[in-house]
**Student:** 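Below you will find the structure I want to go over with you.
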Amino acid sequence: MDVLITNIKQLVNTRTIDGPLRSAALSELPVVNDAYLVCEGGRIAEFGPMSALRQKPADFRTHIDATGRFLLPAWVDSHTHLVFAGSRESEFVDKIRGLSYAEIAARGGGILNSARVLHETSEDELFRQSWTRLQEVTRLGTGTLEIKSGYGLTVEGELKMLRVIRRLREKSGIDIRATFLGAHSFPAEYRDDREGYIRLLIEEMLPRVAAEGLADYIDVFCEEGFFTPEQTIRICSAGKALGLKPRLHANQLAVSGGVEAGIAVGALSVDHLESMDDAATQALAASGTIGTLLPTAAYFLRMPFQPARRLIDAGCAIALASDFNPGSSPSGNMNGVVSMACIGMKLLPEEAINAATVNAAVALELHREVGSIAVGKKAQLILTQPIPSLAYLPYAFGSNLIETVLLNGTPI
């Protein structure tokens, strides 16, 4: 036998789901008190109250006494840009001095800045930097994540990023979904020929990405000054024809029509949503698309937090993710995301945990593998430090409350 965890103060999120949790269901968090859990072959083999445990600790290769501790499914981070070269702290200072996101982009900063640095960075060096970041976020409790391209903006640059994502997945052994985001911005040389860049995306980039099997999804930055809803639908439709499912950046900087465009192409998720009007909210609530909220991006850019309570009350399905990237959310700490969702967006701790686990897993089509505690699911788990209650996790926002992370049943 592999791993036995005993005397768990509370085993959290014990269930299976068929789709995202909405409305009042988002606040329901099933638990088992005074519990045990068995991992075998990298998966959850059994769990229950300590009174039902029949095996002895000596029967297991590893025994963890979890007295006073909580055991949760590892975080599922369904929106990251973890593969990037260098950093952009000079732009951070520019923001402090009063420049806006759009003004920095107009000066050649932002996404185009990251694209320039990426082109100067070898694939091996890009992998090295990205592997370091991946190790950091897994130690912070992330067991599953999505990673986007989008800082290449050329055929070879985008392929380089996607190949690095594939190497990360192969070396780490955890579930990593890859998203092709060639439509992240218009390169400088296409500033006056946007149609030319869209043709490059559709006619050259997408066929190469599909031929090498490098991506699961396609994404477009549907925002004012970037890609219009009409362009977004066109690009996503081309990706769908090659087997890539859409997920979108939408309604971050303004009410852009991105939510409606995402729903029109059957997007799994529309992400950001800092700017939502009644029409976008009602459309999202009536759809099967998940709204993924990225509170650390709003915080870093000093924007109003996403209207999470209004979305939940309207019946929208929401998830939480980090948006880990060098320009607007240079952190992949999902513990901070969960805490910020409670503090800044008024989610209950139970709602935030569900949004960062089961609903995020649905957004990545991995809810049958990860995101909750169920027999047969992968043993991607967080064991906390001794804490008084589950609400203490987001409450003590500045403390590292993770004692051990298990990936595929192995403590790291």
Side-chain angles (χ1 to χ4, degrees), residues 5-13 27 29 31-35 37 64-80 82 89 92 132-145 174 293-300 302 305-306 308 319-325 328-360 370-373 379-407 410-412:
I5 307 173
T6 59
N7 301 312
I8 304 163
K9 182 173 182 177
Q10 198 168 79
L11 184 60
V12 179
N13 221 341
S27 65
L29 196 62
V31 302
V32 179
N33 295 313
D34 189 23
L37 182 139
I64 299 173
D65 184 345
T67 298
R69 295 156 174 83
F70 289 68
L71 189 69
L72 299 84
W75 307 125
V76 178
D77 193 348
S78 61
H79 182 127
T80 86
L82 180 140
E89 64 272 18
F92 170 68
T132 298
R133 294 184 200 109
L134 181 61
Q135 295 300 101
E136 175 189 355
V137 300
T138 55
R139 287 193 296 269
L140 290 167
T142 295
T144 305
L145 67 164
I174 65 174
L293 312 182
L294 313 170
T296 47
Y299 167 76
F300 193 81
R302 299 184 188 87
F305 283 108
Q306 295 87 350
L320 290 172
S322 75
D323 195 22
F324 191 7
N325 76 83
S328 61
S329 186
S331 170
N333 187 346
M334 284 293 291
N335 305 285
V337 170
V338 168
S339 183
M340 200 170 293
C342 295
I343 296 167
M345 300 195 301
K346 297 185 179 180
L347 268 67
L348 296 171
E350 294 85 357
E351 291 174 324
I353 290 169
N354 278 325
T357 54
V358 290
N359 275 12
V370 297
S372 66
I373 306 294
Q380 317 292 48
L381 304 166
I382 293 170
L383 182 65
T384 71
Q385 302 279 358
I387 55 176
S389 68
L390 195 60
Y392 194 83
L393 282 174
Y395 161 80
F397 67 90
S399 300
N400 180 9
L401 299 174
I402 295 177
E403 183 171 292
T404 304
V405 177
L406 291 87
L407 297 181
T410 299
I412 64 168

**Student:** Tell me the closest heavy-atom pair linking Ala321 and Val337, and the distance in Å.
**Tutor:**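 Shortest heavy-atom separation between Ala321 and Val337 comes out as O-CG1, 3.7 Å.
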
**Student:** Rounded to the nearest 0.5 Å, what separates atom CD1 in Ile8 from atom CG in Leu383?
**Tutor:**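 Spacing of CD1 (Ile8) from CG (Leu383) equals 7.5 Å.
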
**Student:** For atom CZ of Phe92, is the number of surrounding heavy atoms from other residues, nucleotides or ligands below 6.0 Å larger than 12?
**Tutor:**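 Check fails, neighbour count at 12 or below.
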
**Student:** Measuring from atom CG of Leu11 to atom CG of Asp34, what distance do you get when rounded to the nearest 0.5 angstrom?
**Tutor:**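 Leu11 CG to Asp34 CG: 11.0 Å, rounded to 0.5 Å.
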
**Student:** Check whether any side-chain N or O of Asn335 sits under 3.5 Å from a backbone N or O of Asn400 as a donor-acceptor pair, and report yes or no.
**Tutor:**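 Such a contact is absent between Asn335 side chain and Asn400 backbone.
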
**Student:** State whether a side-chain donor-acceptor pair under 3.5 Å links Asn354 with Asn359.
**Tutor:**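 Result is no, nothing qualifies.
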
**Student:** Any side-chain heavy atom of Leu294 sitting closer than 4.5 Å to one from Gln306?
**Tutor:**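 Touching, per the 4.5 Å side-chain cut-off.
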
**Student:** Thr384 pairs by side-chain contact (heavy atoms from CB on, under 4.5 Å) with which of Ile402, Leu393, Thr404?
**Tutor:**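 Looking at Ile402, Leu393, Thr404, the match for Thr384 under the side-chain contact (heavy atoms from CB on, under 4.5 Å) is Leu393.
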
**Student:** Taking Thr296 for its side chain and Ser322 for its backbone only, find out whether a donor-acceptor pair lies under 3.5 Å.
**Tutor:**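 Looks like yes, one N/O pair under 3.5 Å.
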
**Student:** Going by atom types alone, do Ser331 and Asn333 pair a side-chain donor with an acceptor below 3.5 Å?
**Tutor:**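 The criterion, which ignores hydrogens and geometry beyond distance, is not satisfied for Asn333 and Ser331.
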
**Student:** Which atom names give the shortest non-hydrogen contact between Leu381 and Leu71, and what distance separates them?
**Tutor:**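 Between these two residues, the closest heavy atoms are CB-CD1, 4.1 Å.
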
**Student:** So which atom in Pro295 and which in Ala341 form the shortest heavy-atom distance, rounded to 0.1 Å?
**Tutor:**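 Closest approach of Pro295 to Ala341: CG-N, 4.4 Å.
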
**Student:** Would a distance-only check, ignoring hydrogens and angles, find a side-chain to backbone donor-acceptor pair under 3.5 Å from Lys346 to Ala308?
**Tutor:**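 No; zero donor-acceptor contacts below 3.5 Å.
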
**Student:** Kindly give the heavy-atom pair with the smallest separation between Leu320 and Ala352, and that separation in Å.
**Tutor:**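 What the structure gives for the nearest pair is CD1-O, 3.6 Å.
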
**Student:** Would you check if there is a donor-acceptor pair between the side chains of Thr357 and Asn13 at a distance under 3.5 Å?
**Tutor:**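 Checked: Asn13/Thr357 side chains pair up, N/O donor to acceptor below 3.5 Å.
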
**Student:** Return the minimal non-hydrogen interatomic distance between Ile382 and Pro73, and the atom names on each side.
**Tutor:**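 Closest approach of Ile382 to Pro73, heavy atoms only: CD1-O, 4.0 Å.
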
**Student:** If I take atom CH2 from residue Trp75 and atom OG1 from residue Thr138, how far apart are they, to the nearest 0.5 angstrom?
**Tutor:**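 So the gap between those two atoms works out to 15.0 Å.
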
**Student:** Drop me the distance from Ser27's OG to Ile353's CD1, to the nearest 0.5 angstrom.
**Tutor:**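 Going from the OG atom of Ser27 to the CD1 atom of Ile353 covers 12.0 Å.
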
**Student:** Could you give the distance from CD1 (Ile373) to CD (Gln380), rounded to the nearest 0.5 Å?
**Tutor:**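 So the CD1 of Ile373 and the CD of Gln380 are separated by 10.5 Å.
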
**Student:** Would you say Arg139's side chain and Val137's backbone share a donor-acceptor pair under 3.5 angstrom?
**Tutor:**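 Such a contact is absent between Arg139 side chain and Val137 backbone.
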
**Student:** How long is the span from the OG1 atom in Thr142 to the CD atom in Glu136, to the nearest 0.5 Å?
**Tutor:**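 If I round to the nearest 0.5 Å, the distance is 10.0 Å.
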
**Student:** What pair of heavy atoms forms the shortest contact from Ile343 to Pro394, and how long is it?
**Tutor:**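 That would be CD1-O, 4.3 Å.
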
**Student:** Does Glu403 reach the main-chain N or O of Pro386 with its side chain, forming a donor-acceptor pair under 3.5 Å?
**Tutor:**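 Looks like no, no N/O pair under 3.5 Å.
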
**Student:** Got Leu145 and Ile174 here, is their nearest side-chain heavy-atom distance under 4.5 Å?
**Tutor:**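 Leu145 vs Ile174: side chains touch.
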
**Student:** Quick one: does Leu29's side chain get under 4.5 Å of Leu390's, heavy atoms only?
**Tutor:**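 Yes, at least one pair of side-chain atoms sits under 4.5 Å.
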
